[in-house]
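A short worksheet on the structure shown next.
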Amino acid sequence: MTQELTSPSPAPQAPGTGRGPGWWRDAVIYQVYVRSFADSDGDGIGDLRGARERLPYLRDLGVDAVWLTPFYASPQADGGYDVADYRAVDPLFGTLQDADDLIRAAHDLGLRVIVDIVPNHTSDRHPWFQDPVLARQRYLFRPGKGESGELPPNDWESVFGGPAWTRTDHGDWYLHLFAPEQPDLNWDNPEVHAEFEAIMRFWLDLGVDGFRVDVAHGMIKAPGLPDIGHGAQAQLIGAQVLPFFDQDGVHAIHRAWRRLLDGYGDARGKQVIGVAEAWAPTGAATLLMLALPGSAYLYQGEELGLPEVTDLPDEARQDPAFFRGGRATGAAGPGTDTESAPDGVAAGGQDGFRDGCRVPLPWSGELPPYGFGPGGSWLPQPAGWGGLTVAAQTGDPASTLELYRAALELRRRLPGLGDGPMSWAPAPDGVLAFTRPGLLCTVNTLGHDVGLPAPGTPLLSSAPVTVDDATAQLPGDSCTWWAI
Ligand code: NOJ
């Protein structure tokens with residue numbers, strides 16, 4: 001890296017929701033999928049400069065922080081989650097100077113920046129994996145089973161489908177819980193720990209405010225790499241502890257990173273490890289999520305109510321899960337993770353394949369690329385998105401975008417909403433009600449209206465609520481915030 005960068009820009013300091021030390025406890029964090037957010041140079045691929053130019057939109061939306069998906073040097077076998085150099089920016093997305101400029105611009109606008117760190121695996125193009133000696137120390141290589149080692153070392157399956165092992169020209173096998181281009185690191189090796197701490201320091205020195213840890217439940221594997229004995233492992237994820245996820249040793253890694261960030265000494269105060277898997281709420285669910293304690297994660301485009309695109313042509317697709325899962329040839333494949341679902345959990349839409357939620361954002365205009373950039377877009381945008389653009393929704397009180405803006409503004413205005421207490425309130429069957437500092441939230445989970453004594457004055461609702469003679473009618477599948 002030849003670029004000279006100056007000292008890090010100071011993070012926002014103002015007190016209040018989403019500010020100051022511990023800001024992450026109640027922050028609203030917006031996930032920017034860099035490739036699909038905004039394109040500055042017309043190559044049809046979103047980039048850091050494009051993201052920087054759109055930061056005022058995020059400030060006005062009312063989020064506290066931006067989470068940037070991986071923009072590091074990568075062959076892009078898995079949308080950048082296959083990192084070849086953790087300290088370099090991939091030319092597709094810009095330069096290190098662009099990252100520095102973005103962090104500074106975000107801080108100037110009062111936004112924090114967290115970056116994705118990918119510690120479970122690297123790219124197979126990473127220099128460590130390219131060196132046969134180093135690779136066998138820092139990744140998980142094993143001899144195969146069978147008379148001549150022709151069978152994988154155990155029965156583990158890749159989250160993307162197929163065996164989790166690939167045989168090398170040397171005859172041994174390496175583990176990859178995701179694509180073959182993403183070999184799993186050997187976290188029993190202290191050099192791996194040291195390298196990731198150094199990578200974190202590199203980005204903290206550049207001014208980032210924290211990290212989103214990819215596959216945060218991974219890294220440590222059970223001793224001996226035991227067989228699971230179940231042919232459909234994706235279905236077991238979350239239901240039982242598997243020998244490759246949620247192992248006890250994972251906590252020690254997170255504690256070490258927590259200490260690194262706590263002790264990270266400069267004027268900017270404490271930083272945070274944001275260990276997160278986001279989920280993208282729809283309809284009523286957004287107001288419910290924003291009324292719950294803790295930080296909230298928004299996935300880009302949900303504030304526009306963008307639907308999953310389910311009719312992408314096969315030749316446009318890039319999600320390795322689509323190809324590994326056998327869908328490209330019409331065969332059934334296992335469910336896998338999406339931008340909005342935890343690793344390995346089958347999601348809706350196209351059985352969890354992720355290109356459909358990565359279609360570039362529509363900003364303005366009636367025709368593709370809808371202001372995404374001066375060129376086209378790497379995935380085709382649907383013809384009917386003119387009414388869903390940021391420009392079309394801005395100022396329309398009935399729009400999803402204005403609902404989000406109003407909800408985020410209220411969340412900021414009500415002290416303690418993010419990080420304060422919560423208690424359940426009485427409600428009819430099929431309705432949830434709970435109080436938070438400054439409001440009561442009702443969620444009608446039924447498909448039809450429900451009447452109940454009005455708990456207060458409606459502040460915000462995902463669907464029109466009526467109050468007559470102190471009786472409120474909650475529309476089916478709706479969430480309402482009440483001033484109490
Ligand atoms: C979770 C990320 O959301 C996903 O895009 C990626 O494929 C896997 N982790 C593996 O890195």
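Every number for a ligand or one of its atoms is a count from 1 in the order of the listing.
Short contacts between ligand 1 and Phe178, defined as distances under 4.0 Å to a heavy atom of the residue, involve ligand atoms 8 (C), 10 (C). Numbered from 1 in the order shown, with element, the atoms of ligand 1 that lie under 4.0 Å from a heavy atom of Asp78 read 6 (C), 7 (O), 10 (C), 11 (O). Listed by number with element, the atoms of ligand 1 under 4.0 angstrom from any heavy atom of Arg358 are 5 (O). Close approach of ligand 1 to Val215 is summarised as follows: ligand atoms under 4.0 Å from at least one heavy atom of the residue are 9 (N). The ligand atoms of ligand 1 that sit less than 4.0 angstrom from a heavy atom of His121 are 10 (C), 11 (O).
Note on Arg136 versus Asp172: salt bridge recorded, some NZ/NE/NH1/NH2 to OD/OE distance being below 4.0 Å. Using a 4.0 Å cut-off between a side-chain N of Lys or Arg and a carboxylate O of Asp or Glu, Asp100 and Arg104 qualify as a salt bridge. A salt bridge between Asp64 and Arg412 is present, with a side-chain N of the basic residue lying under 4.0 Å from a carboxylate O of the acidic one. A salt bridge does not link Asp131 to Arg138: none of the charged side-chain nitrogens sits closer than 4.0 Å to a carboxylate oxygen.
Residue contacts with ligand 1, taken as heavy atom pairs separated by less than 4.0 Å, involve Phe160 solely via side-chain atoms from C-beta onward. With a 4.0 Å cut-off on non-hydrogen atoms, Val159 does not touch ligand 1 at all.
Sparse packing is recorded around CZ of Arg49, with 12 or fewer heavy atoms of other residues, nucleotides or ligands lying under 6.0 Å away.
In plain terms, the two heavy atoms of Tyr139 and Ser123 that are nearest each other are OH-O, 4.5 Å.
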